[in-house]
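Notes follow once the structure below has been shown.
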Protein chains: 2
Amino acid sequence: MNKSAQILVIDDESQIRKLLEITLNSNDYRTIFAVDAKEGMSMVANYQPDLVILDLGLPDEDGQEVLKRLREWYTNPIIILTVKSAEEEIVKALDSGANDYLTKPFRTQELLARIRTALRNLAPNDSEPIIEFGTVSMDFTSRIVRLNNEILKLTTTEYNLLSIFVKNEGRVLTHQYLLKQVWGNNYADQTQYLRVFVAQLRKKIEEDPNHPKFIITESGVGYRFNTS
Amino acid sequence: MNKSAQILVIDDESQIRKLLEITLNSNDYRTIFAVDAKEGMSMVANYQPDLVILDLGLPDEDGQEVLKRLREWYTNPIIILTVKSAEEEIVKALDSGANDYLTKPFRTQELLARIRTALRNLAPNDSEPIIEFGTVSMDFTSRIVRLNNEILKLTTTEYNLLSIFVKNEGRVLTHQYLLKQVWGNNYADQTQYLRVFVAQLRKKIEEDPNHPKFIITESGVGYRFNTS
DNA sequence: TAAATCTTTATAAAATCTTTATACTCTGGT
DNA sequence: ACCAGAGTATAAAGATTTTATAAAGATTTA
């Protein structure tokens, strides 16, 4: 049979970590642990665990933010386990890509069942945390983009736009889609934004912005990102 | 574009059904309802809804049993919504294949968020296949046409026209029909447009545009697209 | 407040669509 | 076989739409 699933627990409470270690190990899961957001992010990248259990109340960073940033590239299940029980938090986390949400104190068997459920639906394809094309490399973990190993300064909008492109390599993306993804649903007709930012991105990542190799214009439709 | 998801609610309490009907409809889901296990099972089979909300306390049969029997063939998400809050019930339901478990009384926004989560993980309705003819391949998902594996640059109109042809392979399409499909109802008599664009397409996809193999002229009627 | 970033505006360039002009092809009748 | 005429093909000019880019103005961030 397969190797047992590896689960990463990101939680600052040592008692919870202990409890989960015992519980999960005795149910044949391999476990690794992180005590804060920073360590958590890097462990997800390094170990690519099959499932992440994430506490929202981390000492160094907002858990919701960690979740969002993980979801930029990590596609395996993430289960939120936290004391925060406000409906607003739950909705936000689930809409940010969490697969399930449990509040502390939790019931052990229920958690295990929910883990089994999440693993059952496991999506098989997750993208790499670092993607390279040409002389450009993009690290989704640290949000750092490099050009010839030099750190490339991108604004938030530029970074978000490039992320969408990179994650949909080879596909023609309509103006509408891009605008909705980057600026939100109400901006679907602000095509000029896109033109401005595509021009800026090209100026930064293309060798010859007048003859782009990566961001290809599909006139009347949108753009296509190409790595070759 | 896409039709909204259809949700089947299996619950014997009319108040819950009413509440869910209002909540779900106002969030753009299509709804259908069943009041007991028997009706529920047959409606799942007949309508193949995108998601099922199942109450465990049904009058005619045990909900856990319904769940198990559904899971023998139904693969879309099933969310349990019930008053039963015992951990044992939760574990059993999740292990029988439920995607989520909520207890009544439930919080509306949370339910909606969990529905979105369940639908998100739904195996994406397989994208349209890639169609090949000769050395040409057409990928409708990524909107890319290739000729000998090289990406072929088509304008929007050329692409739209070729799509109509490909989707109606072997059929004679009248000028009128093609013009209406590609340019709109008011252009049904602009036959010259069609000639111009057919010529352009042939120049791009035919090996010998003077003796077209794919786009065949049906004089006095229209064109026929042929793959062989 | 200054610096950085985002949003608008303006305009030139490029791509695409529409129209025109002309040549070609096919068909049926003689 | 030839011709007339309707229908078709194609290039290319003209018109329009779409795109690229700089830069000014507005807003946000540190």
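All figures in this text were calculated on a predicted structure; none of them were measured in a lab. Protein chains get the first letters and strands the later ones, always in sequence-line order, with residue 1 at the start of each.
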For A:L194 and D:dA20, give me the distance from atom CG to atom P, rounded to whole Å. 9 Å

So which nucleotide from D:dT21, C:dC6, C:dC17 ends up closest to the side chain of A:T156? C:dC6

Tell me whether the side-chain N/O atoms of B:K203 come closer than 4.0 Å to OP1 or OP2 in D:dA11. yes

Any donor-acceptor N/O pair, B:E206 side chain to B:I215 backbone, under 3.5 Å: yes

Hey, is the side chain of B:W183 poking within less than 4.0 Å of OP1 or OP2 on C:dT18, counting only N and O atoms? yes

Do the side-chain N or O atoms of A:Y193 get closer than 4.0 angstrom to the phosphate oxygens (OP1, OP2) of C:dC6? no

May I have the distance from B:K204 (atom NZ) to C:dA15 (atom P), rounded to whole angstrom? 12 Å

Specify the separation, in whole Å, of atom CD1 of A:I215 and atom C1' of D:dA20. 13 Å

So, for A:F133 and A:F225, is the gap between ring centers shorter than 6.0 Å? yes

Whole-Å distance, A:E206 CD to D:dT21 C1', equals 15 Å

May I ask you to evaluate whether B:T155 reaches the phosphate of C:dT16, defined as a side-chain N or O under 4.0 Å from OP1 or OP2? no

Pi-cation contact, A:F140 with A:R69 (under 6.0 Å, within 45°): no

Show each protein N/O and nucleotides 2-8 of chain D N/O combination with a separation under 3.5 Å, one pair to a line.
residue : atom : partner : partner atom : Å
D:dG7   : O3'  : B:G220  : N            : 3.3
D:dT8   : OP1  : B:G220  : N            : 2.5
D:dT8   : OP2  : B:R195  : NH2          : 2.8

Can you check the B:I216 CD1 to C:dT25 P distance for me, whole Å? 16 Å

From CG of B:L201 over to C1' of D:dT10, roughly how many Å is that when rounded to an integer? 14 Å

Is the closest side-chain donor-acceptor distance between B:D139 and B:S142 under 3.5 Å? yes

Base, sugar-phosphate alone, or nothing: which one does A:V198 contact when heavy atoms must sit under 4.0 Å apart? nothing

Exercise: do B:T31 and B:N25 side chains pair donor with acceptor under 3.5 Å: yes

Polar side chain donor-acceptor pair, A:R202 to A:T217, under 3.5 angstrom: yes

Phosphate OP1/OP2 of C:dA13: any A:N210 side-chain N/O under 4.0 Å: no

Indicate whether any N or O donor in one side chain lies under 3.5 Å from an N or O acceptor in the other, for A:Q6 and A:Q48. no

For a quick test of reading the model: is some side-chain N or O of A:K153 closer than 4.0 Å to OP1 or OP2 of C:dT5? yes

